[in-house]
Amino acid sequence: MPKEYRTIQEVAGPLVMVSGVSGVSYNELGEILLENGEKKRCRVLEINGSNALVQLFENSTGINPETSRVKFLGHTMELGVSEDMLGRVFDGLGNPKEDFEIIPEKRMDVNGVPMNPVSRNYPEEFIQTGVSAIDGLNTLVRGQKLPIFSGSGLPHANLAAQIARQAKVAGSNDKFAVVFAAIGITFEEANFFVEDFKKTGAMERTVLFVNLADDPAIERIATPKIALTTAEYLAFDKGMHVLVIMTDITNYADALREISAARKEVPSRRGYPGYMYTDLAAMYERAGRLKGRDGSITLIPVLTMPEDDKTHPIPDLTGYITEGQIILSRSLYRKNILPPIDVLPSLSRLKDKGIGEGKTREDHANTMNQLFAAYSRGKEAKELMAVLGEAALTELDRMYAKFADEFEKEYVSQGYNTDRTIEETLNIGWRLLSMLPRAELKRIKDEYLDKYYGKEG
C-alpha cells in the first residue's frame, strides 16, 4: 500500500517540495490528493535526503500545503502497449484522444534501456522515402538517425508528413510502421497531421502522439520517450520496421530549459541545461537494429534552428549524436522549390552502406557524386554570373549554371504528393547529367556512361 505524506513544504509553479519521505526514488510517479477529492499527477525530479522535489503534469491550482496529501506509487512512468495502437491518436502521455480503450499486451517503462553497442547490427538497408533529394543524394538507411534541420516558417511539417506517408523498405514485404510524435505544436499543425494521415490511408500503419503547445512542459519531455517505447515494442516484440518521426525537438529542448530554470540549476549555453547533450543522446540512441531481432527503429527528428543558426546548441548537439542531417533552405523556399532541401550542406553519413547493386542500383554511388559536383560547380557559376554578368562566363560555365537551375526544378522540387521510386530518381539524375558533355562526367565509370548517358527521355 503506497504511503501518503502530508508534508508539502512549498509549491512553486509546477514544482512541489515534500519533506520527510523515505523509500522514494528518482522518476517515481506520484499523486497529489486535494481536499475536494481531485488528483494531480506528478513525477519525482530530485531526492535530497528525506526531501523530494516533484513536478506536476498539470497546473498547481488548488494545492493547499496544509490539507493536500502526496502519494508515491512505487513505479516510474509506464505505457501499456499493444498492436491495436496502430491507426490511433494519443495525447503526449499515451492516453487515447478518441473514445476507445487499448487493452495492453504488456506494460513498458517509458525511460527504456540503452541499446548495448555490442548487440547492435550495422545499418545497411535502403529505406525509400519517395523524396529524390533524400533517396538519391542523402540516402536514409534502416536503423539510422537522420535529423531534418529546418527554420521557422519553413514547410518541415509537410516534408515530415510526406516521409511518414511514403516511406518503405524497398523490395521487402516486411511489416512497416510509423510512430509519429508531435511535440509542442499548435492545434492547427496537429489537425494537419491527423487529417493528412487519415485522408491518404497512412493512418492504418501509424501511431500518432500529439502534445500541444499549451500542454505542460513535463508532458513535452515525456512524449518522445513514450513514442520510442511504442517503437521498441513494435520493432523488437512484433518484428516490424518502425520509422519514428519527431517534430519539433526544439520545443522539447525548450521544455528541458524551462524545467531546469524552475529547479534553479546553473545554466549552460543559451540557458539550456548542461546535461542536454546526455538527454538528447539517451533519446536518439534508442534507435537502431539489434542482433537476433527482425525489427528495427529508424529515427527522423525534426528541429527548427532558432534564427536559422546551425551552431545553436540544439542542432549543434544533435549533429554530434546523429548520422548526418537534411537541411531545409530559406532561399530555395523563396524560389518555390518544394521541398526546399539544400543538398550540398545536407549529409547522410551512412548513405554508402545502403546503396549500390542489390540495394538500389549499381550506378547510384557514381551518379550521386557526379550530381553533387555538377550542382556545386553550377552554383559557383551562377554566383560568378551575378557579379560579372553572363557574357563573362565560358560556354561550359553557362551549361553548368543551366544545369543547377534544372537540377533544382526537376530533381529537388517535386512537391509533397509525388512518390518517386529510386529508379525514377536515378533516371531523372541521368537526364540532367546528359545536359553536360560526356567528358565532364569524370566521376562515373565508362560502363555506366555507356549504359545510361543520353538514354533517358
Side-chain angles (χ1 to χ4, degrees), residues 76 79 81 106 108-129 134-135 138-149 163-164 167-181 207 224-246 249 252 275-303 315-326 346-356 358-360 364-365:
T76 57
L79 178 68
V81 288
K106 64 189 286 193
M108 297 175 68
D109 183 347
V110 302
N111 297 298
V113 179
M115 212 181 270
N116 187 332
V118 177
S119 63
R120 280 178 180 269
N121 261 337
Y122 203 84
E124 56 183 17
E125 286 157 288
F126 168 64
I127 289 184
Q128 181 176 291
T129 66
I134 297 175
D135 291 350
N138 295 290
T139 314
L140 178 65
V141 182
R142 186 162 76 87
Q144 185 177 5
K145 307 175 286 292
L146 186 64
I148 295 172
F149 289 4
I163 294 170
K168 55 182 154 300
V169 179
S172 167
N173 294 321
D174 293 342
K175 290 188 286 185
F176 195 92
V178 176
V179 176
F180 198 104
V207 186
K225 293 175 182 173
I226 281 170
L228 284 162
T229 303
T230 307
E232 285 167 348
Y233 166 75
L234 293 174
F236 304 131
D237 285 31
K238 296 297 174 183
M240 296 185 182
H241 300 315
V242 184
L243 176 66
V244 180
I245 299 177
M246 298 179 179
I249 294 296
Y252 171 83
Y275 52 78
M276 187 166 77
Y277 178 88
T278 317
D279 195 280
L280 289 173
M283 184 166 75
Y284 294 149
E285 290 296 342
R286 288 172 73 175
R289 298 172 59 205
L290 277 175
K291 289 176 182 171
R293 302 287 183 94
D294 294 331
S296 63
I297 300 174
T298 307
L299 178 61
I300 298 183
V302 183
L303 58 91
D316 189 31
L317 296 178
T318 294
Y320 279 121
I321 304 161
T322 54
E323 294 114 8
Q325 66 278 329
I326 303 293
S346 295
L347 170 70
S348 169
R349 293 192 183 98
L350 300 180
K351 64 188 173 194
D352 295 334
K353 305 294 178 188
I355 63 175
K359 293 177 180 176
T360 53
H364 191 159

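The figures here come from the full heavy-atom set of this structure, side chains too, leaving out hydrogens, waters and symmetry mates.
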Derivation and outcome, salt bridge (charged side-chain N to carboxylate O under 4.0 Å, His left out), residues Arg293 and Glu232:
CA-CA 11 Å; Arg293 302 287 183 94; Glu232 285 167 348; over 6 Å; no

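- The side-chain heavy atoms of Lys106 and Val81, taken from C-beta on, include a pair separated by under 4.5 Å.
- Going from atom NZ of Lys291 over to atom CG of Asn121 covers 6.0 Å, rounded to the nearest 0.5 Å.
- Atom CG of residue Leu243 and atom OG of residue Ser296 lie 9.5 Å apart, to the nearest 0.5 angstrom.
- Under the 4.5 Å side-chain criterion, counting only non-hydrogen atoms from C-beta, Leu299 is in contact with Met246.
- Applying the side-chain contact (heavy atoms from CB on, under 4.5 Å) test between Tyr284 and each of Asp279, Thr322, Leu317 identifies Thr322 as the sole match.
- Residue Asp174 is tested with His241, Arg142, Lys168 for a side chain to side chain donor-acceptor pair (under 3.5 Å); the sole match is His241.
- The local environment of NZ in Lys353 is sparse, with at most 12 non-hydrogen atoms from other residues, nucleotides or ligands closer than 6.0 Å.
- The structure places CE of Met283 at 4.0 Å from CD1 of Ile249, a figure rounded to the nearest 0.5 Å.
- Between the Arg286 side chain and the Met115 main chain, no donor and acceptor come within less than 3.5 Å of each other.
- Rounding to the nearest 0.5 angstrom, the gap separating the OG1 atom in Thr229 from the CE atom in Met108 is 6.0 Å.
- The CG atom of Leu140 sits 8.0 Å away from atom CG of Asp135, with the distance rounded to the nearest 0.5 Å.
- No donor-acceptor distance shorter than 3.5 angstrom exists from the side chain of Ser348 to the backbone of Gly324, with no hydrogens or angles considered.
- When Leu146, Thr318, Leu303, Leu347 are each tested for a side-chain contact (heavy atoms from CB on, under 4.5 Å) with Gln325, only one passes: Leu347.
- Taking 4.5 Å as the limit, every side-chain heavy atom of Glu323 sits out of range of all side-chain heavy atoms of Val141.
- Between the NZ atom in Lys145 and the CD1 atom in Ile300 there is a gap of 13.0 Å [rounded to 0.5 Å].
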